[in-house]
Amino acid sequence: MSFEIVEATIPEIQSAMDNGTITSKQLVLMYLERIAEHDKNGLTVNSVLEINPDALFIAESLDVERSLQGPRGPLHGIPVLLKDNINTGDKMHTSAGSLALANSFAGEDAFLVTKLREAGAVIMGKANMTEFANFMTNGMPSGYSSRGGQVLNPYNISTPTGGSSAGSAVAVACSFCAVSVGTETSGSILNPGNLGSVIGIKPTVGLLSRSGILPLSNTQDTPGPMARTVRDAVLLLNAMLGMDSSDAAMGTGAGRLHGDYTVFLDPNGLPGARIGIPRDYYFEELTDEQLALFNASVDRMRELGATIIDPADIRTARDIKYSSVVLNEFKTSLNAYLSQLGPGAPMRTLKDIIDFNHAHPTETLRFGQATLLDAEYTTSGTLTEPQYLRDRATDLRLCKELGMDATMREHQLDALLFPADFGVRITSRAGYPSIVVPSGYTSAGVPFGVTFAAQAYQEPVLIRLAYAYEQNYKVRRAPSLQSFIK
């Protein structure tokens with residue numbers, strides 16, 4: 001068998017399976033061997049939390065189906081890792097990285113998992129993540145969970161992985177799977193995507209179902225694909241699409257959805273595009289080296305025919321302050337999720353989790369649980385707090401109407417361009433889509449990306465721009481794991 005899985009794309013894998021070079025079962029075995037060699041040995045990047053005990057049976061069944069009926073589509077036989085806050089109604093746990101939920105089983109698949117299985121994907125396992133999507137405490141490193149330990153950045157182990165979809169990003173970067181699914185509330189796909197040198201698509205809230213995902217914020221949460229190429233990310237996005245009537249946010253996309261987003265993969269998508277750069281506020285934390293990488297990316301887009309409006313500042317950028325929205329929504333959303341797990345679930349409320357952690361401090365409270373305590377004891381769980389109601393309205397006004405909407409209208413923009421993931425504060429509160437794309441590496445080998453962002457349901461525009469940029473400015477490279485093996 002001669003097939004190289006490192007950096008292998010979905011089209012390449014499908015071609016190899018079609019011509020008999022490899023089977024899905026063999027592919028899963030190759031990924032498992034790579035996980036054993038590099039994720040749990042040598043550098044021990046620790047991105048994979050759990051392996052599906054039925055993965056090989058599922059893959060072999062899909063191989064038989066391919067031989068008899070042909071493939072279902074682009075995801076047939078493709079191994080996928082899921083972030084550990086996404087329900088699977090199988091033999092795997094769903095814990096959000098928490099030891100309190102280490103024995104928690106979901107009664108059924110999340111809506112997006114059902115869609116992936118229907119598309120023929122092999123749910124190979126769960127990826128480690130920042131515990132409770134980095135909403136457990138203050139000062140906990142990104143990528144750390146009490147159940148899974150610390151995820152390391154394979155490009156530079158002294159650099160954070162970003163969070164909270166740390167394992168999803170690192171596993172993709174290291175070719176431990178073909179693609180993975182992350183989730184985002186405020187940067188949890190874009191941040192690890194940037195630091196892991198992978199593509200991360202944070203869709204409009206409402207494009208993909210959130211049903212069956214352990215929540216953080218009812219107004220900002222969304223799942224999204226992570227991949228090594230824009231095309232692979234879009235293929236995974238396609239496979240997760242579908243109307244879920246149980247998720248109220250999905251009704252906002254009526255008339256603006258597409259059944260196949262691959263039609264927007266245009267390598268010539270930059271000429272004529274109007275891209276604005278909000279320099280004020282969003283560049284203050286950049287190093288000189290990062291700024292040079294960003295400016296080089298902008299120059300390349302300009303050379304490829306894009307019209308760059310620089311600056312295209314967002315007038316409300318400095319007015320967007322701390323918001324109590326996520327803190328208030330966490331308790332409400334989590335308790336609703338836990339109540340649906342069934343009478344045998346080990347944890348029924350946020351307070352149960354807090355009490356479990358207090359009873360096992362050595363294992364669970366290495367960094368404390370200050371945020372969990374705030375959510376439990378300073379919020380009512382009814383979303384009636386005046387500050388919450390005011391903050392929700394303020395977020396929409398400053399981030400959407402007077403923020404991104406006003407700026408894009410003023411300059412007639414197709415998209416905004418942010419360095420790394422620095423725009424997440426405004427895009428997440430607006431519920432707007434973003435795509436992060438690798439754009440280079442610092443002298444220390446740390447990845448650096450650029451993020452395209454636009455208004456609601458403008459994924460077609462973002463896909464077109466991100467794909468054109470990627471295809472004409474190919475900079476992504478795989479992490480060198482061999483040098484770390486003991």
Side-chain angles (χ1 to χ4, degrees), residues 153 155-156 159-160 162 173 187 189-202 229-230 266-318 320 403-404 407-408 410-427 432-454 461-477:
N153 190 319
Y155 289 93
N156 185 317
T159 298
I189 288 173
L190 300 176
N191 180 222
N194 170 62
L195 290 169
S197 198
V198 297
I199 308 298
I201 299 181
K202 183 266 181 182
T229 69
V230 175
D266 181 3
N268 299 309
L270 279 167
R274 293 180 60 84
I275 301 173
I277 301 176
R279 292 267 175 182
D280 182 45
Y281 176 79
Y282 295 102
F283 283 70
E284 292 177 350
E285 296 182 14
L286 286 184
T287 66
D288 291 343
E289 195 172 13
Q290 291 172 328
L291 180 60
L293 287 170
F294 179 85
N295 288 336
S297 300
V298 173
D299 290 342
R300 183 62 174 159
M301 292 180 206
R302 190 180 285 113
E303 292 169 4
L304 291 168
T307 299
I308 305 296
I309 293 82
D310 186 4
D313 289 331
I314 299 171
R315 292 191 175 92
T316 59
R318 295 184 181 275
I320 302 169
M404 289 182 65
T407 300
M408 295 187 74
E410 176 186 355
H411 298 287
Q412 298 180 305
L413 301 176
D414 294 300
L416 292 166
L417 186 72
F418 294 96
D421 62 316
F422 290 174
V424 299
R425 186 175 69 159
I426 189 168
T427 58
Y432 283 175
S434 304
I435 301 180
V436 64
V437 187
S439 67
Y441 303 84
T442 69
S443 57
V446 179
F448 182 81
V450 294
T451 299
F452 297 90
V461 173
L462 297 182
I463 289 167
R464 174 169 57 86
L465 298 178
Y467 184 70
Y469 175 76
E470 173 200 53
Q471 293 299 298
N472 289 280
Y473 195 46
K474 295 182 177 180
V475 297
R476 180 190 145 72
R477 61 173 183 256

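Residue numbers count from 1 along this sequence.
When all heavy atoms of Gly276 and Ala312 are compared, the pair lying nearest together is CA-CB, 3.7 Å. Minimum interatomic distance between Ala454 and Leu462 (heavy atoms only, all atoms of both residues): CB-CD2, 3.7 Å. Considering all non-hydrogen atoms of both residues, Leu417 and Met301 come closest at CD2-CE, 3.7 Å. Between Glu410 and Arg315 the shortest heavy-atom distance is OE1-NH1, 2.8 Å. The shortest heavy-atom contact between Gly162 and Asn191 is CA-OD1, 3.0 Å. Residues Arg279 and Pro311 come closest through the heavy atom pair CG-CB, 4.0 Å.
Dense packing is recorded around CZ of Arg302, with more than 12 heavy atoms of other residues, nucleotides or ligands lying under 6.0 Å away. The neighbour count for Glu285 CD, taken as heavy atoms of other residues, nucleotides or ligands under 6.0 Å away, does not exceed 12.
Remark: the backbone N or O of Tyr432 is not paired with any side-chain donor or acceptor of Thr427 at under 3.5 angstrom. A distance-only check finds a donor-acceptor pair linking the side chain of Asn153 to the backbone of Leu195 [under 3.5 Å]. For Gln471 (side chain) and Ala468 (main-chain N/O), no donor-acceptor pair under 3.5 Å exists by modelled atom type. No donor-acceptor distance shorter than 3.5 angstrom exists from the side chain of Arg476 to the backbone of Gly440, with no hydrogens or angles considered. Between the side chain of Asn194 and the main chain of Gly449, a donor-acceptor pair closer than 3.5 Å is present. With hydrogens and angles disregarded, a donor-acceptor distance shorter than 3.5 Å links the side chain of Arg425 to the backbone of Ile320. Looking at Ser439, its side chain does come within 3.5 Å of a backbone N or O of Phe448 through a donor-acceptor pair.
Val437 has its side chain within reach of Ile435: a pair of non-hydrogen atoms, C-beta onward, lies under 4.5 Å apart. Between Thr407 and Asp313, every side-chain heavy-atom pair lies at or beyond the 4.5 Å cut-off. Within the 4.5 Å cutoff, side-chain heavy atoms of Phe452 are placed close to those of Ile275. At least one side-chain heavy atom of Pro438 sits under 4.5 Å from a side-chain heavy atom of Ile199.
One distance of note links CG of Asn156 with OG1 of Thr442; it measures 7.0 Å at 0.5 Å rounding. For the atom pair CG (Leu293) and CG (Asp288), the distance works out to 11.0 Å, reported to the nearest 0.5 Å. Rounded to the nearest 0.5 Å, atoms CG (Leu465) and CG (Leu304) are 11.5 Å apart. In this structure, Thr229 OG1 and Lys474 NZ are separated by 9.5 Å, a value rounded to the nearest 0.5 Å.
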- Query: Does the side-chain hydrogen bond (donor to acceptor under 3.5 Å, both in side chains) test come out yes or no for Glu289 and Ser443, once each step is laid out?
  - Reply: CA-CA 8 Å; Glu289 195 172 13; Ser443 57; 3.2 Å; yes
Check: Under the side-chain contact (heavy atoms from CB on, under 4.5 Å) criterion, do Ile277 and Leu416 qualify, and how do the steps go?
Finding: CA-CA 6 Å; Ile277 301 176; Leu416 292 166; over 6 Å; no
message = Test side-chain contact (heavy atoms from CB on, under 4.5 Å) on Leu413 and Ile309; report intermediate values, then the result.
response = CA-CA 8 Å; Leu413 301 176; Ile309 293 82; 3.8 Å; yes
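Qualifying side-chain hydrogen bond (donor to acceptor under 3.5 Å, both in side chains) partners for Ser297, counting only residues two or more places apart in sequence or in other chains: Tyr469. Every residue two or more places apart in sequence or in another chain was checked for a side-chain hydrogen bond (donor to acceptor under 3.5 Å, both in side chains) with Asn472, and none qualifies. In this structure, Arg477 has no side-chain hydrogen bond (donor to acceptor under 3.5 Å, both in side chains) partners at least two apart in sequence or on a different chain.
If you look at Tyr282 and Phe418, their ring centroids are closer than 6.0 Å. Ring centroid separation for the pair Tyr441 and Tyr155 comes in under the 6.0 Å cut-off. Ring pair Phe294/Phe283: centre-to-centre distance below 6.0 Å.
Using a cut-off of 4.0 Å between Lys/Arg side-chain N and Asp/Glu carboxylate O, Arg318 and Asp280 are scored as salt-bridged.
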